[in-house]
Number of protein chains: 2
Amino acid sequence: MTVLPRTTPTNSESAFQIIRDAILSGALSPGSKISEAHTCQIYGIGRGPLREALRRLEGCKLVEIKPNAGAKVSFIKPSQIIEIYEIRESLEGLACKLAATNANKTDCLALRSIITEQRLQMTQNNGDLAPLKEGDLDLHFSIVKVSGNTQLFQLLCHDLYQLVQLYRLQPNTSPSRPHIALEEHTQIVDAIERKDPELADLLMRRHISNARQELLANLSL
Amino acid sequence: MTVLPRTTPTNSESAFQIIRDAILSGALSPGSKISEAHTCQIYGIGRGPLREALRRLEGCKLVEIKPNAGAKVSFIKPSQIIEIYEIRESLEGLACKLAATNANKTDCLALRSIITEQRLQMTQNNGDLAPLKEGDLDLHFSIVKVSGNTQLFQLLCHDLYQLVQLYRLQPNTSPSRPHIALEEHTQIVDAIERKDPELADLLMRRHISNARQELLANLSL
DNA sequence: AGTAGCAAAATTGTTGACAAAAACGTGACG
DNA sequence: CGTCACGTTTTTGTCAACAATTTTGCTACT
């Protein structure tokens with residue numbers, strides 16, 4: 001009885017991961033077409049597994065497939081990202097509410113450590129904001145995880161955040177507002193630690209609403 | 001220049017729709033395996049298109065595919081449906097808030113007509129509750145549509161409701177509480193009509209929370 | 001009887017070839 | 001000059017056959 005279900009991933013699985021990462025890193029730019037013949041020649045696989053991988057990516061909303069016209073990397077319009085932020089506002093508020101209800105001391109310590117790490121990053125290299133973005137996601141992910149709602153985790157951390165990431169590498173990358181965000185994060189974790197679901201909910205909603213407002217302001221420059 | 005992009009759907013598309021409907025209608029029961037050879041023989045198509053259809057269904061969370069083990073119809077556990085109801089509570093609250101903000105008179109009339117239709121159905125055949133379920137979904141769908149957030153519509157009406165439907169045809173089908181629900185619906189539409197976003201949000205959250213509580217009570221019988 | 005091992009069957013993963021559709025380019029015509 | 005038609009080329013949709021993995025069933029042995 002082998003506990004490990006498999007040793008090598010299938011070609012379809014490999015292609016899925018490779019293409020997904022290529023899309024999320026920007027190597028495949030939004031709107032560009034993914035030619036089957038070309039792509040499966042590059043990765044050295046057949047068209048069958050590739051088409052399955054593309055269908056999975058379609059399920060993640062990362063590519064759009066039209067019959068007899070092939071697959072294109074999704075292009076997220078500004079109006080769509082605003083809508084997604086409205087959804088995030090609601091769902092991450094819920095995540096905070098649940099997190100404040102369910103978090104134990106270990107959870108709180110983990111959240112707190114992310115904050116201190118992020119604060120450290122900021123004082124050290126205040127020019128480079130790449131690790132801050134990462135830390136920002138770390139905190140949001142961790143809160144959703146602490147919420148205990150696995151469906152919510154799946155939805156937010158696997159589906160919606162990928163779309164947000166896809167948007168970020170499009171026309172106008174917002175510069176973000178690290179100092180204010182860090183302050184808001186601290187208050188949110190405080191509320192979770194104090195087991196105040198309503199406040200945690202409110203603060204997270206406001207936090208994401210602020211980010212959305214800034215998005216709106218940036219795209220009407 | 002033909003405006004209609006295509007006349008006949010692809011085999012993959014047909015298989016996707018047929019299998020999806022079979023799952024949602026209960027013809028394919030949750031947990032049952034979907035054999036490739038068997039299935040593609042029934043529908044008279046090749047394995048390639050069938051596998052693509054299965055990948056799409058996997059993206060809808062209606063089937064689970066494991067490497068070298070094939071596809072099974074998803075089985076929604078009670079804990080999962082509770083989590084989904086928590087998400088619905090949050091998202092449909094948002095939908096109501098947006099609907100109350102954006103609804104014009106035509107929208108309000110449409111919502112109102114669904115309510116009156118539902119009330120009519122109830123007084124006529126108070127034994128058969130099948131059309132009530134349909135009307136219930138009609139109202140929820142319409143509110144989400146009126147909200148104007150297309151991403152939210154996609155998420156709620158295409159993804160989450162399918163999972164709810166899949167759960168309904170599993171072990172313990174809840175009898176539901178039509179009269180109370182109708183009353184709650186009426187109040188929600190009232191709030192939307194009065195352009196009171198906060199109240200509409202609150203009422204819808206409470207409405208779904210009540211449904212969730214009843215789910216919880218039913219599965220701990 | 002129960003189990004370990006091995007062979008046979010069934011099922012999934014993958015490929016290449018063929019059919020059909022769309023995209024492209026060329027040329028004739030108004 | 002623009003546009004319509006048509007043949008070529010490219011790309012997608014589909015199938016059937018092969019390879020690899022899993023499952024099944026049988027046999028032999030303790």
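Just so it is clear: chains get the letters A, B, ... in the order the sequence lines come, proteins before strands, and each one is counted from 1. Small disclaimer: the values here were computed from a predicted structure and weren't measured.
With rounding to whole Å, A:N11 atom CG is found 11 Å from C:dG16 atom P. Between B:E13 atom CD and C:dA21 atom P there is a gap of 16 Å when expressed in whole angstrom units. C:dG13 atom P lies 7 Å from atom CD of A:E52, rounded to whole Å. The nearest whole Å value for the distance from the CG atom in A:L50 to the P atom in D:dG13 is 11 Å. Residue A:Y43 contributes atom OH, which lies 18 Å from atom C1' of C:dT14 at whole-angstrom precision. Taking atom NE2 of A:H38 as the reference point, atom C1' of D:dT11 lies 14 Å away to the nearest angstrom. The distance between atom NZ of B:K66 and atom P of C:dT12, rounded to the nearest whole Å, is 14 Å. Taking atom CD on A:E36 and atom P on D:dT11, their separation rounds to 10 Å, with Å as the unit.
Each of D:dT11, C:dT14, D:dG13 was ranked by its minimum atom distance to the side chain of A:R47; first place goes to D:dG13. Here the nucleotide nearest the side chain of B:N68, chosen from C:dT15, D:dT22, D:dG13, is D:dT22.
No more than 12 heavy atoms of other residues, nucleotides or ligands sit less than 6.0 Å from atom CD of B:Q41.
Contact annotation for B:P49: backbone-only contact, meaning every heavy-atom pair under 4.0 Å involves sugar-phosphate atoms and none involves a base.
The residue among A:G48 and B:A37 whose nearest nucleotide of DNA chain C is located toward the 5' end is B:A37.
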Under the criterion side-chain contact (heavy atoms from CB on, under 4.5 Å), I'd like the reasoning laid out for A:R206 against A:E89: C-alpha separation, chi angles, the key distance, then a yes or no. CA-CA 8 Å; A:R206 190 185 287 172; A:E89 191 173 323; over 6 Å; no

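The shortest distance between the side-chain N/O atoms of B:K72 and the OP1/OP2 oxygens of C:dT12 is not below 4.0 Å. Taking side-chain N and O atoms only, A:R51 has a distance below 4.0 Å to OP1 or OP2 of D:dG13.
Under the 4.0 Å criterion applied to side-chain N and carboxylate O atoms, A:E52 and A:R55 are not assigned as salt-bridge partners. Salt-bridge check for A:E92 with A:R205: failed, with every basic side-chain N at 4.0 Å or more from each acidic carboxylate O.
Between A:H207 and A:H140, the two ring planes are parallel [angle under 30°; tilted spans 30° to 60°].
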